[in-house]
Amino acid sequence: MQTVVTENPILAAEILRTGGLVAFPTETVYGLGAKALDETAVKRIFEVKHRPQDNPLIIHIYDLSQINELIEGFPENAQKLCERFMPGPLTVVLNCSKVVPKEVTAGGNTVGIRIPKNETARKFLRAANVPVAAPSANLSGKPSPTTYQAVLEDLDGAIECVLKAEASELGLESTVVDCTTTPFTLLRQGAIPIEELQEVVDEIVTLDEASSGLARSPGLKHKHYSPQAKVRLIDFPHQIPDLPGSAYIGLTMPNVRFSKSYIAADLEDYARCLYEFFRECDRQSIQIIFCQTVPRKGIGATIMDRLARAARGS
Ligand code: TXA
Ligand code: MG
């Protein structure tokens, strides 16, 4: 199949409306969209990504008024979160209505909903004018794509269209909050730090992955966010062994000169550039990536979550 690469959100929306798969930019990472209420289109997302069937998809809309047909009940505190953080990198999990296909929910009773902030995403979703189910637009197990080129690397020839725009401005996925539990549960750390959510809803508990957590957030049990290279976390970049074929990403200059390194300007920059750095290391057949740890505060907690997963998976 010839993948159409376009900057025109109207064309991309037409392709989606006729049942095609369209990768589109968001402020977090690029998504791979299909009409959410079209089971056949949604099934193809799982096929082309090689995504495990038990991992549900987030539905993307452009306006909160579209949420009503998709959900059953909207707790007041969930409304508060939506009013404060949407459009933006927040996904709320709510009880789903009967119109949502089981392919989207992975057979469960809940659905994740998100309203992206990225301008191109918004034009695309508005033109599509239907709810759009979309996971990250990578092959399962690879780091999420933050550029349209990374999408093509994984999916060129397998999907109908890539809506091309700038690199994702945040670089890490949305924060996922389960609003069907009392208190609410943080299912995935993400671009909005938990501290910011707690300013609106003071009790949000974190998921204990060791216990029931994995069943409630199926995405967490799958291999995620890992490059081919081995990932090693280091607290002090002046103690890195001098190994050939290795790379470094962090906030401070390391003691060793690496053939490939990235010194991030701040935590936001670290978050924005991490996945593309992983991908670039794989393109260059780097064997080991040393990643500097950061304090688990604010966006630092999300960076550490992704680094820990990448290190575990390698
Ligand atoms: O920033 C993002 O969220 C990006 C962009 C494209 O919007 N999307 C994304 O989708 O990261 P995906 O499919 O790669 O990750 C969605 C995560 C998975 O961990 C999944 O298990 C969880 O959200 N999730 C989705 N629906 C859920 C539900 N109903 N219940 C529990 N977890 C859910
Ligand atoms: Mg993903």
Side-chain angles (χ1 to χ4, degrees), residues 21-34 36 42 45-46 49-62 70-72 85-97 100-118 120-122 124-125 131-146 150-151 154-155 163 165 168-181 184-192 207 209 212-226 271 275 302 305-306 309:
L21 299 190
V22 177
F24 62 100
T26 85
E27 68 276 18
T28 57
V29 300
Y30 275 67
L32 177 60
V42 171
I45 290 183
F46 288 84
K49 273 186 63 101
H50 307 294
R51 182 180 176 99
Q53 303 275 345
D54 63 353
N55 197 2
L57 303 179
I58 296 170
I59 295 186
H60 297 64
I61 55 180
Y62 62 87
L70 302 172
I71 63 168
E72 225 28 276
F85 296 106
M86 290 182 178
L90 172 71
T91 296
V92 288
V93 170
L94 295 161
N95 287 316
C96 70
S97 75
V100 181
K102 65 178 189 321
E103 285 75 12
V104 171
T105 65
N109 304 319
T110 62
V111 63
I113 310 273
R114 148 160 158 71
I115 305 180
K117 193 173 192 165
N118 175 276
T120 309
R122 299 188 61 69
F124 165 67
L125 292 170
V132 173
S136 49
N138 52 291
L139 291 173
S140 269
K142 291 241 247 161
S144 299
T146 55
V151 174
D154 283 11
L155 299 173
L163 176 56
S168 300
E169 44 273 56
L170 301 176
L172 297 177
E173 299 84 348
S174 65
T175 304
V176 181
V177 180
D178 187 347
C179 302
T180 69
T181 59
F184 293 174
T185 313
L186 182 71
L187 293 184
R188 178 176 71 182
Q189 295 186 309
I192 301 175
L207 194 65
E209 287 184 37
S212 65
L214 290 184
R216 301 225 328 256
S217 188
L220 295 180
K221 71 172 181 247
H222 300 295
K223 188 167 178 283
H224 255 317
Y225 319 111
S226 338
Y275 289 160
T302 306
D305 172 79
R306 302 304 192 265
R309 287 175 200 285

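Indexing begins at 1, ligand by ligand and atom by atom, following the structure's order. The basis for the numbers below is simple: all heavy atoms, side chains too, and nothing from hydrogens, waters or symmetry mates.
On a distance-only criterion, Tyr30 and ligand 1 share no N/O pair closer than 3.5 Å. Among the atoms of Glu173, none of the N or O lies under 3.5 angstrom from an N or O of ligand 1.
Residue Thr26 forms a side-chain hydrogen bond (donor to acceptor under 3.5 Å, both in side chains) with just one option from His60, Arg114, Lys117, and that option is Arg114. Each of Thr28, Val92, Thr91, Leu186 was compared with Thr175 under the side chain to side chain contact (heavy atoms under 4.5 Å, CB included) criterion, and only Leu186 meets it.
Within the 4.5 Å cutoff, side-chain heavy atoms of Ile115 are placed close to those of Arg122. At least one side-chain heavy atom of Leu172 sits less than 4.5 Å from a side-chain heavy atom of Tyr275. Residues Leu155 and Leu139 have side chains in contact (heavy-atom distance under 4.5 Å, counting atoms from C-beta outward).
Atoms of ligand 1 lying under 4.0 Å from at least one heavy atom of Asn55, given by number and element, are 18 (C), 20 (C), 21 (O). Atoms of ligand 1 lying under 4.0 Å from at least one heavy atom of Val29, given by number and element, are 4 (C), 6 (C). Within ligand 1, counting atoms from 1 as listed, the ones closer than 4.0 Å to a heavy atom of Ser136 are 8 (N), 9 (C), 10 (O), 12 (P), 14 (O). For ligand 1, the atoms sitting less than 4.0 Å from at least one non-hydrogen atom of His60 are 5 (C), 6 (C), 7 (O), numbered in the order shown with element in parentheses. Of all the atoms in ligand 1, the ones that sit under 4.0 Å from a non-hydrogen atom of Leu187 are 31 (C), 32 (N). For ligand 1 and Gly31, the ligand atoms under 4.0 Å from any heavy atom of the residue are 6 (C).
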Query raised in the report: Could you go step by step and tell me if Val22 and Val132 meet the side-chain contact (heavy atoms from CB on, under 4.5 Å) rule?
Result: CA-CA 10 Å; Val22 177; Val132 173; over 6 Å; no
Requested in this report: Would you sort out whether Glu173 and Ser144 count as a side chain to side chain donor-acceptor pair (under 3.5 Å), showing the intermediate values?
Outcome: CA-CA 8 Å; Glu173 299 84 348; Ser144 299; 2.6 Å; yes
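The proximity of Arg51 to ligand 1, defined as any non-hydrogen pair under 4.0 Å, is limited to the side chain. Counting heavy atoms closer than 4.0 Å to ligand 1, residue Thr28 contributes side-chain atoms (C-beta onward) but none from N, CA, C or O. At a heavy-atom distance under 4.0 Å, only backbone atoms of Val111 (N, CA, C or O) approach ligand 1.
At a 4.0 Å cut-off, at least one heavy atom of Ile58 sits close enough to ligand 1 to count as contact.
The Mg ion (ligand 2) has Ser136 among its coordinating residues (N/O/S atom, backbone or side chain, under 2.8 Å).
Ionic pairing of Glu103 and Arg51 is not present here: no N-O contact between side-chain nitrogen and carboxylate oxygen is shorter than 4.0 angstrom.
Side-chain atoms of Asp178 never come within 3.5 Å of backbone atoms of Leu187 as a donor-acceptor pair (strictly under, hydrogens ignored).
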